Amino acid sequence: MIEIRELNKTFHLENSDVEAVRDLSLTIDDGVIYGVIGSSGAGKSTLVRCLNLLEIPDSGTIRIDGVGEIELRNGKPWLNGKRMTAREQNNMRRGIGMIFQHFNLLDRCTVFENVAYPLQHTGRSRKQIEKRVCELLTLVGLEDKTNVYPSQLSGGQKQRVAIARALAAEPRILLSDEATSALDPEATEAILSLLQAVNRQLGVTIVLITHEMAVIKSIADRVAVMENGRVVEEGTVYDIFADPQKEITRKFVSTSSLLGKLDKLLEENAELIRVKPGEMLVRLMFRKDCVGEHLLTTAARKYGFDLNIILANSEYLHGSPIGGMVGIISGEQDHIEEGLEFLRQNHVSAEVIRDGRTDAAGHAESVPVS
Amino acid sequence: MEELMQQVTPNLYLYRDKFYKSCLATVEMFWKAGLIAGVIGLMLGILLVITKKDGIAPKPAVYQTTNLIINVFRSVPFIILLIFLIPLTRAVVGTAINVKGAILPLVFGTVPFYSRQVEVALSGVDPGKVEAARSMGSGTAGLIFRVYLREAVPDLIRVTTVTAISLIGLTTMAGAVGAGGIGSFAINYGQNQNHPDIVNVCVIVLLIVTFVLQSLGNGLSRRTTNRGLLPRRHSAKEKGGQV
Ligand SMILES: Nc1ncnc2c1ncn2[C@@H]1O[C@H](COP(=O)(O)OP(=O)(O)OP(=O)(O)O)[C@@H](O)[C@H]1O
Ligand SMILES: [Mg+2]
């Protein structure tokens with residue numbers, strides 16, 4: 001388990017201070033893939049770099065199973081009540097693997113030498129090192145690239161080498177800072193499956209930094225949303241997707257769903273989403289406790305309204321369905337009201353975005369109800 | 001060969017023993033001063049890179065002091081430095097003339113330039129690589145030897161070549177204050193005695209040496225870009241297995 005308590009890190013620049021991480025507390029359970037998402041500059045990298053003390057935080061505590069409790073006193077790390085030496089910091093880092101956006105392989109070392117890097121000068125024999133490197137290269141599927149130099153590899157292959165290297169010293173934790181951000185979609189998917197395999201097969205806890213919701217959606221178990229150095233929202237990936245609370249979270253969620261197009265349509269005030277008097281533009285979100293029950297058709301039939309679907313999206317997240325749609329409801333006023341009420345009672349979140357009853361022209365600002 | 005020499009460059013033939021001796025003196029100055037300056041310059045270059053503000057062991061005081069000393073010595077023209085250092089040279093090696101007396105000024109003339117060049121070469125190493133190595137538990141020594149010095153090899157070769165060539169230039173100047181060598185030979189026996197063939201041959205010899213050094217440097221630098229110099233192979237097949 002990784003327990004972060006009230007972590008702070010401020011960078012002092014010439015004429016300003018940047019509070020990269022503020023009062024951040026987070027608990028990451030063993031064996032999970034923990035996603036951290038946020039916009040550029042939110043402090044994600046600073047946070048993970050604090051976890052292995054690449055960056056020394058200003059204050060707070062970090063408890064890591066197998067390492068101990070690291071407490072910051074006057075900006076200096078103390079381990080289990082004793083001042084941490086440089087050597088202890090290095091040893092601690094050895095127990096935490098890390099991979100990067102730009103791979104950071106040593107260009108003048110072969111694939112073998114790169115993977116062997118963390119093993120050398122640690123008292124292991126040459127035989128042991130060779131054996132371990134071979135195992136790792138088999139794991140990441142690069143047995144045939146042993147003696148090749150990084151410049152001869154594709155981005156995806158480089159990241160595989162980096163993963164093998166990060167796992168060489170058998171860490172229990174792997175930090176991944178935007179590991180797929182420099183890769184094409186195909187390579188991204190392959191690397192994500194590899195990370196998932198590493199997590200499942202070896203039980204390595206993975207802290208996954210990204211600014212892409214799709215990455216979180218595909219492999220993370222839990223996710224924390226960061227903004228301005230703080231965690232503003234945290235939960236299981238399903239909950240965050242199904243019911244985002246904060247504006248920033250909604251923004252991220254919408255980027256990975258077709259429904260995200262709505263914002264653009266609203267911005268352009270597209271023909272498609274203009275409502276006539278008496279009509280309503282609504283967004284309906286179905287969660288695992290209400291999808292698949294024909295709720296919508298039931299409601300439409302029962303209350304006699306029409307729904308013109310404009311955008312719809314439905315998918316499975318960790319085995320649970322999640323869906324949403326944007327459409328224009330028309331029909332008799334009371335019936336619409338009753339129908340929406342019925343849906344809400346059945347746990348559908350129904351949000352009225354434009355209400356043709358209050359603004360005949362349909363130019364109204366969005367009026368969120370619900 | 002000897003006949004040809006006699007015909008084409010009669011004056012050089014006359015002084016051929018002196019010429020060989022001068023060449024040897026230059027070679028001696030070159031490798032002795034080069035070796036010492038190389039080691040010191042490399043160390044100072046490393047010191048600069050690691051102690052600078054965002055280096056791996058920031059020590060502003062050390063950095064600024066080293067930086068200042070290097071700048072001071074770099075801004076003194078070599079010919080002035082030669083004269084300025086005479087007392088020191090006498091005190092250290094007992095004489096300020098001959099090859100022996102030239103080594104110290106040559107070192108002083110080369111180290112500032114070389115350490116600056118080394119600093120530039122090492123600064124070119126991607127900070128991401130240093131960070132990755134740090135994340136794998138490397139300490140300062142590990143970072144210097146396994147990352148900085150290793151990854152910067154092509155650039156280090158390039159700057160070493162440039163420095164070596166400029167050192168040859170300096171050795172000829174050292175000749176001017178009585179260190180001997182090919183430079184003073186060209187002046188004393190060529191220019192002063194009005195023997196243009198001697199001057200010409202000296203120029204050609206220096207050109208060839210420079211050219212050879214430059215090609216050697218370029219070749220080595222290219223050969224080591226994105227790969228190790230000596231390929232070491234490991235077999236992957238022998239023992240795969242579980243992780
Ligand atoms: N070494 C540093 N010196 C000064 N400021 C820094 C340093 N590292 C980060 N910062 C600042 O701290 C803030 C958070 O940076 P950080 O790199 O953690 O963001 P991030 O969430 O990882 O962003 P990105 O998605 O762009 O990588 C930024 O404003 C950044 O400019
Ligand atoms: Mg970052």
Side-chain angles (χ1 to χ4, degrees), chain A residues 49 52-54 86-87 89-113 116-118 120-122 127 129-139 142-147 149-152 162 165-170 175 198 201-202, chain B residues 50 53-60 121-122 124-158 220-243:
Chain A
R49 289 161 45 87
N52 60 358
L53 297 183
L54 279 179
R87 183 177 292 269
Q89 291 180 30
N90 293 341
N91 284 339
M92 176 212 164
R93 289 191 195 109
R94 251 175 230 137
I96 302 178
M98 188 166 188
I99 54 175
F100 308 84
Q101 178 172 4
H102 298 295
F103 326 122
N104 297 346
L105 299 178
L106 299 176
D107 290 321
R108 300 196 56 258
C109 294
T110 59
V111 165
F112 182 97
E113 291 163 337
Y117 186 101
Q120 277 155 358
H121 309 287
T122 54
K127 269 245 149 59
I129 293 178
E130 264 186 29
K131 181 159 172 291
R132 179 76 186 138
V133 173
C134 290
E135 289 169 359
L136 288 156
L137 289 179
T138 310
L139 176 80
L142 288 177
E143 311 92 301
D144 53 334
K145 301 285 185 195
T146 311
N147 295 304
Y149 287 97
S151 63
Q152 296 158 277
R165 182 175 73 166
L167 294 174
E170 305 186 47
L175 308 175
V198 164
Q201 290 171 23
L202 312 179
Chain B
I50 67 171
K53 200 163 90 257
D54 47 3
I56 54 175
K59 303 245 177 338
L122 297 183
V125 172
D126 178 1
K129 289 175 185 167
V130 178
E131 168 133 325
R134 282 217 310 141
S135 82
M136 292 185 281
S138 278
T140 308
L143 294 175
I144 292 172
F145 289 103
R146 302 178 68 195
V147 184
Y148 276 115
L149 289 180
R150 189 155 184 186
E151 286 296 300
V153 161
D155 283 331
L156 285 174
I157 290 174
R158 216 169 287 136
L220 267 178
S221 168
R222 211 173 314 119
R223 266 191 66 106
T224 52
T225 300
N226 288 337
R227 56 210 213 78
L229 184 58
L230 305 168
R232 245 188 299 157
R233 303 191 68 79
H234 299 269
S235 72
K237 286 281 139 54
E238 45 181 5
K239 341 141 181 118
Q242 268 136 29
V243 179

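Every value quoted in this text rests on a predicted model; they were computed, and no experiment measured them.
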Please classify the contact between Ile96(A) and chain B as side chain, backbone, both or neither, with a heavy-atom cut-off of under 4.5 Å.
backbone
Taking all heavy atoms of Leu54(A) and all of Ser135(B), pick out the closest pair and write down the distance.
CD2-N, 3.9 Å
Would Leu106(A) and Arg146(B) count as a side chain to side chain contact (heavy atoms under 4.5 Å, CB included) here? Give the steps.
CA-CA 9 Å; Leu106(A) 299 176; Arg146(B) 302 178 68 195; 5.9 Å; no
Which bit of Asn52(A) comes within less than 4.5 Å of chain B, counting heavy atoms only: side chain, backbone, both or neither?
side chain
For Asn90(A) and Ser138(B), the nearest pair of non-hydrogen atoms, with its separation, is OD1-O, 3.9 Å
Choice from Met98(A), Arg49(A), Met92(A) maximising heavy atom contacts with chain B below 4.5 Å
Arg49(A)
Nearest heavy-atom contact between Tyr117(A) and Gly142(B) is OH-O, 4.1 Å
By side chain to side chain contact (heavy atoms under 4.5 Å, CB included), Leu220(B) pairs with (sequence neighbours left out) Ile157(B), Leu229(B)
Looking at Gln152(A), Glu170(A), Glu113(A), Gln101(A), which has the largest count of heavy-atom pairs under 4.5 Å with chain B?
Glu113(A)
Out of curiosity, Glu151(B) CD to Leu105(A) CG, how far, rounded to the nearest 0.5 Å?
9.5 Å
By a 4.5 Å heavy-atom criterion (distance strictly below it), what part of Asn226(B) contacts chain A: side chain, backbone, both, or neither?
both
Select, from Gly137(B), Ala132(B), Gly139(B), the one with the greatest count of heavy-atom pairs under 4.5 Å involving chain A.
Gly137(B)
Say you draw a straight line from CZ of Arg94(A) to CE of Met136(B); how long is it, rounded to the nearest 0.5 Å?
10.5 Å
Please name all residues satisfying side chain to side chain contact (heavy atoms under 4.5 Å, CB included) with Pro154(B), sequence neighbours left out, ordered by chain then number.
Arg108(A), Arg158(B), Ser221(B), Thr224(B), Thr225(B)
Contact origin within Gln120(A) toward chain B - heavy atom pairs under 4.5 Å:
both
Please state whether the side chain, the backbone, both or neither of Arg87(A) comes within less than 4.5 Å of a heavy atom of chain B.
neither
Any donor-acceptor N/O pair, Arg227(B) side chain to Tyr149(A) backbone, under 3.5 Å
no
